[in-house]
Structures are given as structure tokens and as C-alpha cells.
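In what follows, a structure is listed as C-alpha cells, so that the remarks can point back to it.
Fair warning: this is a prediction, and the values are worked out from it, not measured in the lab. Chain letters run A, B, ... following the sequence lines, proteins first, then strands; residues in each count from 1.
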2 protein chains.
Amino acid sequence: MMAEIEEIVNGLILELRRGTLILSVLSRLDQPKYGYSLVQELSEKGIEIDAGTLYPLLRRLEKQGLLESSWELADSRPRRYYFLSETGRQVYDRLREEWRKLVFSIENLMN
Amino acid sequence: MMAEIEEIVNGLILELRRGTLILSVLSRLDQPKYGYSLVQELSEKGIEIDAGTLYPLLRRLEKQGLLESSWELADSRPRRYYFLSETGRQVYDRLREEWRKLVFSIENLMN
DNA sequence: TGACAATAGTGTGCGGCATACAGTATAATG
DNA sequence: CATTATACTGTATGCCGCACACTATTGTCA
């Protein structure tokens, strides 16, 4: 307690990002992508995610049935490509809807 | 795994809300409020939070130095009023900024 | 060849929230 | 007046996700 402001803020930002990561990932996987490329793509778009965070996330989402994956050997090196399953598509749509509601509510609060 | 879509979505919504709760709470405490009134106020604004979730949150925020509190005995019954500390104000401002960035990034991703 | 980038993976720990529970005082109702 | 409902505060346990720090392998370029 009584830590530096920036320190506290950083922790809270972490909490804020939580959950939105899934949204970010799902939003990109209408096209098959492999983990490392996702990290870069998201980084370019302002979402920094550690590879060590992303990989378990991808596997979890696959286990939940939101993603499918396959190894591609044709590339210079073997890569696992992930992409939205049908379920994943539906979940993403619903989730996006809920996200917008949430943003609206909070924006509403902050004025 | 392979649960109902709505079931999965509900879980993910939980994750989405996570962290934003703090933002919601901080946004309301420029004026002193007690727990129960906060629950109602947020509910009216579309943010449902269980009292059993809010109280520990308030205490945690106080422990971190973002909130201060005092018992008020003048009311019909004793109530603990919470309000932003100076640190809390600064944290809230910074956090709000970061929230907007995040929303922007994600909105950007989803198009 | 050696160093660095690209790429995938795991496992441990911290912390937050939800949920359920417990408890007390005041107001309302018949 | 007794009984119930509602306002209000509080605690504790457990699940789950993320961050972080690793290991490991394969390309690539100097």
C-alpha cells in the first residue's frame, strides 16, 4: 500500500486489459494466424501481449471450442495456425455486442 | 469445454467487466458515498455489482490509498462513507486516460 | 561458426472477482 | 406489538486468468 501512483496505475491497467485480450485475439482470427504473427500484429495495433501470455490463451480458447488449429509444414518452419471455429464466431459476435454495451455504460459514468 | 455459447459468453463478460469495476467505482466517489448507495447508483447506470463484491473492493482500494472513509453516525443508521483521496484522484485521471486508449485500440481492431 | 531473430511451448504464483454466508438495525405491515 | 422485509456492512473461500520467467528449437545473417 501507498505505492507510487504509476505503479498502482500499471496494476490497474493490467486488470483493465484483462478479458479484452480475448476480444482482441478473436477479432483477428477470422483469418488463420500463428502465435508469433499475432503478437506482432496486435503490437502494431497498440495491444502489447507477451508471447508467454498468448500461447496459453490460444490453447485455452481451442480447448473451449472457440478456435481450431493446424500445423503448417509448408512454411520455412512449422507453425501452428489458429482460426475461429463456428462457435468462436458466434461467441465473438455476442461478446462484441456486450463489449459495446459496457463501453457505453462506463463512458456514461465518466461524464 | 464445448459448453453452451451463452455460458461461455457469460464467463467472458465476467472477465471483461473485471478491472472496469474499479473505474466505475472511482468515477462515482468524487462525492462521499456509502456502499449500498453505490450499488444502487451503479445499477441504475447499467453496472450490476453485488454488494459482496463491492465491499471488499472498497476496502482494497482504501488499503491501496485510493480511497478514504469515515463512519457517519448522523444518518438513520451508521454508514461508512468512502471518497477519493488525492492519490485516488490522480490514479483515476490516469486510468481514465488509459481506458480511452484501450477502447480506441480495441474499437480499431474490431473493424 | 556464432549470434541473434523467429517460433512454440510450460508452469508457477499472485490477485481479483463471484458467490455464499453471517449479522445487525430500521422500517413496514398486519 | 410482533413479525417480516429491507437496508446495510462485513468475511472467507475458491476458481480462473493473466503475467512472467523459463526452456527449446530452428532459421538467418554477419
- Message: Closest approach to the side chain of R80(B), judged atom by atom: which nucleotide of dG9(C), dG10(D), dT7(C) is it?
- Response: dG10(D)
- Task: Mark up nucleotides 25-30 of chain D, 5' to 3', with B wherever a protein heavy atom is under 4.0 angstrom from a base atom, S wherever such an atom reaches only the sugar-phosphate, and - elsewhere.
- Result: BBS---
Mind checking what makes salt bridge (charged side-chain N to carboxylate O under 4.0 Å, His left out) contact with [X], not counting sequence neighbours?
X	answer
R89(B)	none
K45(A)	none
E62(B)	none
R96(B)	none

Determine: side-chain N/O of [X] to OP1/OP2 of [N], distance under 4.0 Å, yes or no.
X	N	result
R79(A)	dA6(C)	no
R17(A)	dG17(D)	no
Y55(B)	dT9(D)	yes

- E7(B) CD to dC16(D) P: how many Å, rounded? 12 Å
- Task: Grab the NZ-P distance between K63(A) and dG9(C) for me, whole Å please.
- Result: 14 Å
- Item | Position toward the 5' end of DNA chain C (nearest nucleotide), L21(B) or W71(A) | W71(A)
- Query: Can you list every ring-ring contact (aromatic ring centres under 6.0 Å, His included) pair that touches residues 13-34 of chain A, not counting sequence neighbours?
  - Reply: Y34(A)-Y81(A)
Would you tabulate the side-chain donor-acceptor contacts of residues 50-57 of chain A under 3.5 Å, counting partners in other chains and residues two or more places apart, or write 'none'?
| unit_1 | atom_1 | unit_2 | atom_2 | d |
| --- | --- | --- | --- | --- |
| D50(A) | OD1 | G52(A) | N | 2.7 |
| Y55(A) | OH | Y36(A) | N | 3.4 |

- Note on the structure: Expected list for residues 24-39 of chain A near DNA chain D, using heavy atoms below 4.0 Å, is none
- Evaluate side-chain contact (heavy atoms from CB on, under 4.5 Å) for L38(A) paired with L29(A), printing each intermediate quantity in order. CA-CA 9 Å; L38(A) 253 179; L29(A) 292 183; 3.9 Å; yes
- Ion pair present between E6(A) and R94(B), side-chain N to carboxylate O less than 4.0 angstrom? yes
- Message: Check this for me, if you would: do R100(B) and E97(B) make a salt bridge, where the nitrogen-to-carboxylate-oxygen distance has to be below 4.0 angstrom?
- Response: no
- Query: Looking at DNA chain C, which of residues 42-52 of chain B put a heavy atom within less than 4.0 Å of it?
  - Reply: D50(B), G52(B)
Filtered N/O pairs between nucleotides 14-16 of chain C and protein, under 3.5 Å:
| unit_1 | atom_1 | unit_2 | atom_2 | d |
| --- | --- | --- | --- | --- |
| dG16(C) | O4' | R18(B) | NH2 | 2.6 |
| dG16(C) | N3 | R18(B) | NH2 | 3.3 |

- Find out whether L61(B) and L26(B) are in side-chain contact, i.e. whether some heavy atom of one side chain is under 4.5 Å from a heavy atom of the other. yes
- Message: With a 4.5 Å cut-off on side-chain heavy atoms, are N10(A) and E7(A) touching?
- Response: no
- Note on the structure: Sorted by chain and number, sequence neighbours left out, side-chain hydrogen bond (donor to acceptor under 3.5 Å, both in side chains) with Q40(B) holds for none
- Sequence neighbours excluded - salt bridge (Lys or Arg N to Asp or Glu O under 4.0 Å) pairs with any residue from residues 22-41 of chain B: R28(B)-E41(B), K33(B)-E41(B)
